[in-house]
Amino acid sequence: ESGGAVTLDNVLLGSSVLMPVGSVIQYASSLVTTVTSTAVAIPADSTKPQITEGATMVSLAFTPERTGSTLEILVNASLDSSDASNLAICLFNTAIHATDAVAVSISRCVGGQSVNMSMIYNYTTPSDALATWQVRYGGSAATVKIGQTNTVNYGSVIIYGITIKEIAA
């Protein structure tokens with residue numbers, strides 16, 4: 001994990017200066033190189049994915065510095081399925097909704113194919129309370145691997161995960 005906060009000090013006045021609109025206030029990442037798999041499906045249907053579907057890819061606790069700022073959440077992953085399946089990465093935050101995904105990225109996979117997936121989700125913070133963001137992954141009808149393309153993991157340097165940037169409003 002990495003991250004940081006950006007604070008400017010006004011040397012003449014000795015007080016903190018508010019960052020201009022659009023400035024990055026802080027950021028955090030949780031990046032992983034471990035190969036894992038799941039056979040727990042994320043159904044390809046007309047309902048929102050549930051927090052019990054698929055498997056956890058990564059989670060990240062994040063406390064916004066300011067109410068009303070925008071969180072820009074970037075998720076990336078490389079998924080592999082041995083059978084034809086709809087692959088999905090789903091973003092959850094139980095402070096927003098107890099069980100439903102807040103965003104989903106899907107891709108159709110034919111058997112033996114690797115798919116690089118990503119999503120960007122923007123969220124306006126209602127408070128400066130700690131919230132945990134969780135990303136889950138899975139397929140509609142097959143076992144899905146993450147962090148590996150077919151049988152190759154490229155020396156464990158395939159990186160997947162989540163990055164959150166807080167942007168001043």
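Since the structure is predicted, the reported quantities are computational estimates derived from the model, not experimental observations. All heavy atoms count here, side chains included; hydrogens, waters and symmetry mates do not.
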**Q** When rounded to the nearest 0.5 angstrom, what is the spacing between CD1 in I164 and CG in L71?
**A** 6.5 Å

**Q** Quick check: closest heavy atoms across S59 and T132, and the distance to 0.1 Å?
**A** CB-CG2, 4.2 Å

**Q** Test your reading of the model: is there a side-chain donor-acceptor pair from E65 to the backbone of Q26, 3.5 Å cut-off?
**A** no

**Q** Does the T125 side chain pair with the main chain of R66, one donor and one acceptor, at a distance under 3.5 Å?
**A** yes

**Q** If hydrophobic clusters are built from ILVMFWY residues whose side chains come within less than 4.5 Å, do V58 and I42 share one?
**A** no

**Q** Rounded to the nearest 0.5 Å, how far does OG of S81 lie from CZ of R108?
**A** 9.0 Å

**Q** Step through the shown structure and confirm whether more than 12 heavy atoms of other residues, nucleotides or ligands are within 6.0 Å of CD1 on I106.
**A** no

**Q** Measuring from I158:CD1 to K145:NZ, what's the distance to the nearest 0.5 Å?
**A** 11.0 Å

**Q** Can you hop from Y137 to I51 via hydrophobic side chains spaced under 4.5 Å?
**A** no

**Q** Are a donor atom and an acceptor atom from the side chains of T143 and S37 found within less than 3.5 Å of each other?
**A** no

**Q** Would V75 end up clustered with I96 when hydrophobic side chains under 4.5 Å apart are linked, directly or stepwise?
**A** yes

**Q** Treating S29 as the side-chain partner and L31 as the backbone partner, does any N or O pair qualify as donor plus acceptor under 3.5 Å?
**A** no

**Q** Verify side chain to side chain contact (heavy atoms under 4.5 Å, CB included) between Y123 and L91, making sure each step is shown before the conclusion.
**A** CA-CA 12 Å; Y123 175 70; L91 181 64; over 6 Å; no

**Q** Roughly how far apart are I73 CD1 and K165 NZ, rounded to 0.5 Å?
**A** 12.0 Å

**Q** Under 3.5 Å, is there a donor on one side chain and an acceptor on the other for N116 and S78?
**A** yes

**Q** Between Y121 (side chain) and V104 (backbone), is there a donor-acceptor pair under 3.5 Å?
**A** no

**Q** If hydrophobic clusters are built by linking Ile, Leu, Val, Met, Phe, Trp and Tyr wherever their side-chain heavy atoms come under 4.5 Å apart, do F92 and V32 end up in the same one?
**A** no

**Q** Ignoring hydrogens and geometry, is there a side-chain-to-backbone donor-acceptor pair from S69 to A169 under 3.5 Å?
**A** no

**Q** Checking A131 now: which residues fulfil side chain to side chain contact (heavy atoms under 4.5 Å, CB included) with it, not counting sequence neighbours?
**A** N93, W133

**Q** So how far is it from M57 CE to S30 OG, rounded to the nearest 0.5 Å?
**A** 8.5 Å

**Q** How long is the span from the OG1 atom in T163 to the CD atom in E72, to the nearest 0.5 Å?
**A** 10.0 Å

**Q** Any side chain to side chain donor-acceptor pair (under 3.5 Å) involving residues 42-56? Give me the pairs, sequence neighbours left out, ordered by first then second residue.
**A** D45-T47, Q50-T99, Q50-D100, T56-R136

**Q** Could you pull out all residues at least two apart from S107 that satisfy side chain to side chain contact (heavy atoms under 4.5 Å, CB included)?
**A** V115, M117

**Q** Please tell me whether D80 and S114 have a donor and an acceptor in their side chains that are separated by less than 3.5 angstrom.
**A** yes

